[in-house]
K.L.:
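To start, I am sharing the structure in question, which I have written as structure tokens.
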Amino acid sequence: MTPEELVFDYRRACVDGVEVYQGTALDVRVVVAGLPRAVRDGFLLGEVPWGRFSHAYGSGEDVPDLLESMRPADADGAMHACSLLWGSVCHQGTIGSVAPLAVPFLLRIAANPLGHVRADALGLVAAVACRNHWGDGSREHLLRVADPDDEPRFDGGGYPQNWSVRAGRDAIAADAHIPIALLDDPDQQVRQEAACVAAASSGRAGEFSAALHERLRVEKIPRVRPGLVLAIAQLAREHRHEDAAGFTHACWTDPERPAEVRVAAALGWLCLVDDPPPAELRAVLDDLVTPELGRLMAEVPWIGQVDHYRGAGLTRTLEHMLGPARRRTAFPDSWGGTGWFVDEPPF
């Protein structure tokens with residue numbers, strides 16, 4: 001391609017289809033796959049063609065400066081740069097085509113134990129590598145990683161978001177050793193976000209799942225455990241590499257398991273099977289889902305995305321999965337959660 005052609009042309013894509021760019025230097029999946037390990041490990045931002053791709057505010061040429069600003073010991077500067085980067089490359093749920101190029105470097109920012117935005121960097125990776133669920137907590141969509149190829153989505157410049165999401169997932173798989181190591185990080189928020197990142201990977205599912213199972217076996221923090229269960233279920237839903245339906249069923253039916261593990265396992269099981277919700281599962285949820293559990297699970301990435309602002313993600317997820325069946329609300333007390341049974345969503 002000539003320099004003039006190294007710019008995605010929305011008008012041409014409308015006429016000829018986005019396939020005209022497939023496999024070319026403007027296919028971000030190809031560019032991500034071609035980033036050498038030395039470039040990623042050396043943080044050689046100048047070797048990456050940022051300007052070929054874009055975000056909500058235009059060219060991606062400003063992304064390397066923001067990444068560099070996330071690395072120093074200045075906490076305020078790092079947090080400000082992270083906020084700007086997130087708002088640009090994942091603007092209002094739309095993933096810019098430049099976003100997956102940042103993934104290898106965000107992973108390395110997260111791996112630096114002296115960094116100030118480690119969990120946020122991982123959260124951004126997960127946002128890049130997964131479709132926006134737009135608050136859908138249904139059995140079909142809660143654990144869906146990407147939109148099918150025959151359901152194209154486009155960013156503000158007309159670039160196919162399906163390609164961007166896939167490239168982000170491929171970037172995780174290429175550096176699988178980083179999120180796997182971070183599952184054992186001393187910081188519980190880093191561990192929680194690392195599980196979400198692991199679950200979005202396009203490959204090496206067996207390695208990720210083994211690490212998630214091992215972490216769940218030793219994890220002592222209640223707020224981290226539900227995400228580990230849902231990550232295992234999401235990987236299995238995407239890759240069909242293990243009997244996660246059997247695993248989650250064994251978890252939610254086991255009275256010796258903690259409440260947050262059993263409830264997360266019930267949600268994962270519902271997403272992995274087509275069976276109608278059995279009476280036993282409804283009874284478990286009626287018994288275990290309380291306002292306190294709703295608060296605990298509100299920040300679990302999968303639950304938080306269903307209703308982040310009001311902290312009612314668990315209640316909403318159960319409404320979406322079980323419909324109007326009577327059950328105990330999981331809304332925090334400040335939003336009307338009293339533990340009473342309800343027939344309709346309070347909002």
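Please read all numbers here as calculations on a predicted model, not as lab measurements.
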K.L.:
What are the two closest non-hydrogen atoms of A198 and L212, and how far apart are they?
P.N.:
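In this case the closest contact between A198 and L212 is CB-CD1, 4.5 Å.
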
K.L.:
Could you give me the CA-CA distance, side-chain angles and deciding distance for W163 and Q22, then say whether side chain to side chain contact (heavy atoms under 4.5 Å, CB included) is met?
P.N.:
CA-CA 9 Å; W163 292 7; Q22 187 170 341; 3.9 Å; yes

K.L.:
How long is the span from the CD atom in Q234 to the CH2 atom in W302, to the nearest 0.5 Å?
P.N.:
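If we round to the nearest 0.5 Å, Q234:CD and W302:CH2 are 5.5 Å apart.
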
K.L.:
Taking atom CG of L183 and atom CD of E214, what is their separation to the nearest 0.5 Å?
P.N.:
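L183 CG to E214 CD: 10.5 Å, rounded to 0.5 Å.
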
K.L.:
Mark yes when over 12 heavy atoms from residues, nucleotides or ligands other than H80 sit less than 6.0 Å from its NE2; otherwise mark no.
P.N.:
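Atom NE2 in H80 is not packed in, count stays at 12 or less.
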
K.L.:
So Y159 and V28, do their side chains get closer than 4.5 Å, heavy atoms only?
P.N.:
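Side-chain contact under 4.5 Å: yes.
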
K.L.:
Provide the closest heavy-atom pair for P72 versus H116 in the form atom of the first, atom of the second, distance.
P.N.:
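Reported closest heavy-atom pair: O-CD2, 3.8 Å.
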
K.L.:
Flag the pair R225 and E260 as a salt bridge only when some basic side-chain nitrogen lies within less than 4.0 angstrom of an acidic carboxylate oxygen.
P.N.:
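E260 and R225: salt-bridged.
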
K.L.:
Looking at CD1 of I232 and CZ of F208, how far apart are the two atoms once the value is rounded to the nearest 0.5 Å?
P.N.:
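Output value for this atom pair is 13.0 Å.
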
K.L.:
Of L101, V98, L26, which meets side chain to side chain contact (heavy atoms under 4.5 Å, CB included) against V31?
P.N.:
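With V31 as partner, side chain to side chain contact (heavy atoms under 4.5 Å, CB included) holds for just one option, L101.
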
K.L.:
Less than 3.5 Å apart, any donor N or O on the side chain of S202 or D170 sitting next to an acceptor on the other?
P.N.:
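Present: a donor and an acceptor within the cut-off.
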
K.L.:
Keeping the roles fixed (side chain from R139, backbone from C271), state whether a donor-acceptor pair exists under 3.5 Å.
P.N.:
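No: the side chain of R139 does not pair with the backbone of C271.
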
K.L.:
Any sub-3.5 Å donor-acceptor pair from E219's side-chain atoms to I221's backbone N or O?
P.N.:
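Flag set: sc E219 to bb I221 pair under 3.5 Å.
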
K.L.:
Keeping R237 on the side-chain end and L272 on the backbone end, is there a donor-acceptor pair under 3.5 Å?
P.N.:
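A pair under 3.5 Å: no.
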
K.L.:
Nearest heavy-atom pair of L296 and P226: which atoms, and what distance?
P.N.:
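Between these two residues, the closest heavy atoms are CD2-CG, 4.5 Å.
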
K.L.:
Indicate yes or no: at least one non-hydrogen side-chain atom of V128 is less than 4.5 angstrom from one of C90.
P.N.:
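Counting from C-beta outward, V128 and C90 do come under 4.5 Å.
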
K.L.:
D184: what forms a salt bridge (Lys or Arg N to Asp or Glu O under 4.0 Å) with it, not counting sequence neighbours?
P.N.:
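Partners of D184 by the salt bridge (Lys or Arg N to Asp or Glu O under 4.0 Å) criterion, ordered by chain and then number, come out as R215.
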
K.L.:
Regarding E292 and T290, is there a side-chain donor-to-acceptor distance under 3.5 Å anywhere?
P.N.:
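A pair is found: one side chain offers a donor N or O, the other an acceptor, under 3.5 Å apart.
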
K.L.:
Please identify each residue that fulfils side chain to side chain donor-acceptor pair (under 3.5 Å) with R108, with sequence neighbours left out.
P.N.:
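R108 satisfies side chain to side chain donor-acceptor pair (under 3.5 Å) with D41, D175 once adjacent residues are dropped.
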
K.L.:
Can you sort out the partners of D120 under side-chain contact (heavy atoms from CB on, under 4.5 Å), two or more places apart, ordered by chain and number?
P.N.:
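D120: side-chain contact (heavy atoms from CB on, under 4.5 Å) contacts with C82, V117.
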
K.L.:
Mark yes or no for whether Q161, through its side chain, and R153, through its backbone, hold a donor-acceptor pair below 3.5 Å.
P.N.:
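Not confirmed, Q161 side chain does not pair with R153 backbone.
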
K.L.:
When rounded to the nearest 0.5 angstrom, what distance separates CG in L143 from OG in S138?
P.N.:
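Nearest 0.5 Å value for the CG-OG distance: 9.5 Å.
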
K.L.:
So, using side-chain contact (heavy atoms from CB on, under 4.5 Å) as the criterion, who are the partners of D187 when residues are at least two apart?
P.N.:
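In terms of side-chain contact (heavy atoms from CB on, under 4.5 Å), with neighbours along the sequence ignored, D187 is linked to R118, D185, Q189, V190.
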
K.L.:
Is R52 reaching over with its side chain to a backbone N or O of A25, donor-acceptor style, under 3.5 angstrom?
P.N.:
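A pair under 3.5 Å: yes.
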
K.L.:
Which atom names give the shortest non-hydrogen contact between L314 and G294, and what distance separates them?
P.N.:
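Taking every non-hydrogen atom into account, CD2-CA, 4.0 Å.
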
K.L.:
For E47, enumerate each residue passing the side-chain contact (heavy atoms from CB on, under 4.5 Å) test, keeping only those at least two apart in sequence or located in another chain.
P.N.:
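With neighbours one apart ignored, the set is V39, L44.
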
K.L.:
Do H91 and D155 get their side chains close enough for a donor-acceptor pair, meaning under 3.5 Å?
P.N.:
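Per modelled atom types, H91 and D155 side chains form no pair under 3.5 Å.
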
K.L.:
Looking at every non-hydrogen atom in both residues, tell me the closest pair between S164 and I95 and how far apart they are.
P.N.:
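Scanning both residues, the minimum pair turns out to be CB-CG2, 4.1 Å.
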
K.L.:
Taking the six-membered ring for Trp, are W50 and F105 parallel (under 30°), tilted (30 to 60°) or perpendicular (over 60°)?
P.N.:
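Ring orientation, 0 to 90° scale: tilted.
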
K.L.:
Who are the side-chain contact (heavy atoms from CB on, under 4.5 Å) partners of R71, not counting sequence neighbours?
P.N.:
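Checked R71 against side-chain contact (heavy atoms from CB on, under 4.5 Å); matches are F43, E68, I109.
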
K.L.:
Compare all side-chain heavy atoms of L124 with those of V89 and state whether any distance is below 4.5 angstrom.
P.N.:
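Sidechains of V89 and L124: in contact.
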
